[in-house]
Every structure is written in structure tokens, then in C-alpha cells.
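See below for the structure under consideration.
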Amino acid sequence: EVKLLESGGGLVQPGGSMRLSCAASGFTFTDFYMYWIRQPAGKAPEWLGFIRNKANGYTTEYNPSVKGRFTISRDNTQNMLYLQMNTLRAEDTATYYCARRIYGGYVMDAWGQGASVTVSS
Amino acid sequence: DIQMTQSPASLSASLGETVTIECRASEDIYNGLAWYQQKPGKSPQLLIYNANSLHTGVPSRFSGSGSGTQYSLKINSLQSEDVASYFCQQYYNYPDTFGAGTKLELK
């Protein structure tokens, strides 16, 4: 069974940093592109970016809205995905999801349960 | 960025009814469109991809159609478990963008 489990959310002050983790299991992690998506309460999801699979060199793409502040990485020995968030703002408050891209496609076929991040003083 | 305009924002329907949700893209997205269902407190779940392909395990009462800039999700014979929010997503161009969502309730 495919499982994705986020951790590391919580309350952070404006200007601060936070790292989210996502533990993956039930599939061959290195075969898949992995995504981060966030969703403010009651609003639409926002695609933050992704990291490619082994065959595509683990390179990354980012939404311009977070490029330069957020960094996606992965530890393929531990089947872990990470999202490093710096210079956080109130508008970064949201539930953050990790997700897997469907094999051979462009959509997300498995999502974690989400990690809540609140940016407030 | 490609803008996705989704309608209606909310919808109330009776059990057994057929409902349709629409998404309009700000430019041609060449069928690069997915639909997700999100139940309260849960993460989104993939329903449809490539505008009209049903994801594995999704009931056949769900269907997608459209082309160019206009796409729709149809739910036939509405069931109680279909109460949820529905989002469209375009993945033709980076960054992927989502519609604002449709909240479906039972009448």
C-alpha cells in the first residue's frame, strides 16, 4: 500500500524557517517524481514544485511564487522527501501535502494527509 | 500562469441526480486537465486525468470531457459519498494551477 506521511508542521514566526518531511512507503521511491502542494484553509491547492526521479536526475522545478525561498530535496536511502521553507510570511499559512506523480503521467495519484503550517507572531 | 475558472462555486443536488462542474482555462491546455475530489479534513484524491481518463478504482458514474479551454466533470446518479469539494487542475504548463473548487452538497 502506498503511504505518504508528512511531519514537521507547526507555528513559526514571520521571517522564520521550517522544514517539512514526508516519509514514503509501499513503492519504489526512486522511480517517482515527488511533489509539494499547499492549501490554505477553504481555498484551492497551490502547486509548489517537484523533484524528478532517478531516471531524470532528481532535478527540481518550482512555482515562481516560492522559488528562491523554498527548496525541495529527497533522501533516496531513507525514502524521504523534504521541503525547506525560508523567510516565511503570513500568506504561507496552509496545509502542506506531499504527493506522488502517477507513473508515466503528470498528475498526483497519492497524497499524504497533510501538515499544518501557521506563520504568525 | 494559466488561470482556471471553475463553476459553480457551490452546488446542491439530490441523491440520484446528475451534476456537472465546469472549468475554463485562460488558454488552450490540450486536454492537460485533471479532476480531484476532496472530502472534509482529507487530502485530494485523483478522479480523472487527461481530461477524460478515469483513474483506477474511481466509480464509473464519474466522467470527464472537454477540449481546448472548456472542460467538465459529470457525476451520474449522485451518491451520498460524493459529497465533497471538487477541483480541476491544469498541468499543460508550469506552474500547474488549480480551479477555486466546487463544494457539492446534498439537497
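It should be emphasised that the depicted structure is a prediction, and the values quoted were computed from it without experimental measurement.
Below 4.5 Å, heavy atoms of chain B meet no heavy atom from residues 15-24 of chain A.
A distance of 6.0 Å separates OG in A:Ser120 from CG in A:Leu11, rounded to the nearest 0.5 Å. Interatomic distance, SG of B:Cys23 versus CG of B:Leu33, reported as 6.0 Å (0.5 Å rounding). The structure places CG of B:Leu104 at 5.5 Å from CD1 of B:Ile75, a figure rounded to the nearest 0.5 Å. To the nearest 0.5 Å, atoms CG (A:Asn76) and CZ (A:Phe29) are separated by 5.5 Å. Between A:Leu81 atom CG and A:Cys98 atom SG the span is 6.0 Å, to the nearest 0.5 Å.
Here the shortest heavy-atom pairing between B:Phe98 and A:Ala44 reads CB-CB, 4.4 Å. Annotation for B:Met4 and B:Cys88: closest pair CE-SG, 4.1 Å, computed over non-hydrogen atoms.
Put simply, the side chain of B:Leu47 does not reach to within 4.5 Å of the side chain of B:Phe87, judged on heavy atoms.
Heavy atoms of A:Leu48 lying under 4.5 Å from chain B are absent altogether.
Under a hydrophobic clustering in which Ile, Leu, Val, Met, Phe, Trp and Tyr are joined whenever their side-chain heavy atoms come within less than 4.5 Å, directly or via other members, A:Met80 and A:Leu83 fall into different clusters.
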What are the atom names and distances for all donor-acceptor pairs below 3.5 Å between chain A and chain B?
unit_1: A:Gln39; atom_1: OE1; unit_2: B:Gln38; atom_2: NE2; d: 2.8
unit_1: A:Gln39; atom_1: NE2; unit_2: B:Gln38; atom_2: OE1; d: 2.9
unit_1: A:Tyr97; atom_1: OH; unit_2: B:Gln38; atom_2: NE2; d: 3.4
unit_1: A:Met108; atom_1: N; unit_2: B:Tyr36; atom_2: OH; d: 3.1
unit_1: A:Gly112; atom_1: O; unit_2: B:Ser43; atom_2: OG; d: 3.2

Step by step, work out the side chain to side chain contact (heavy atoms under 4.5 Å, CB included) result for A:Met108 and A:Ile37. CA-CA 10 Å; A:Met108 286 72 77; A:Ile37 298 136; 3.5 Å; yes

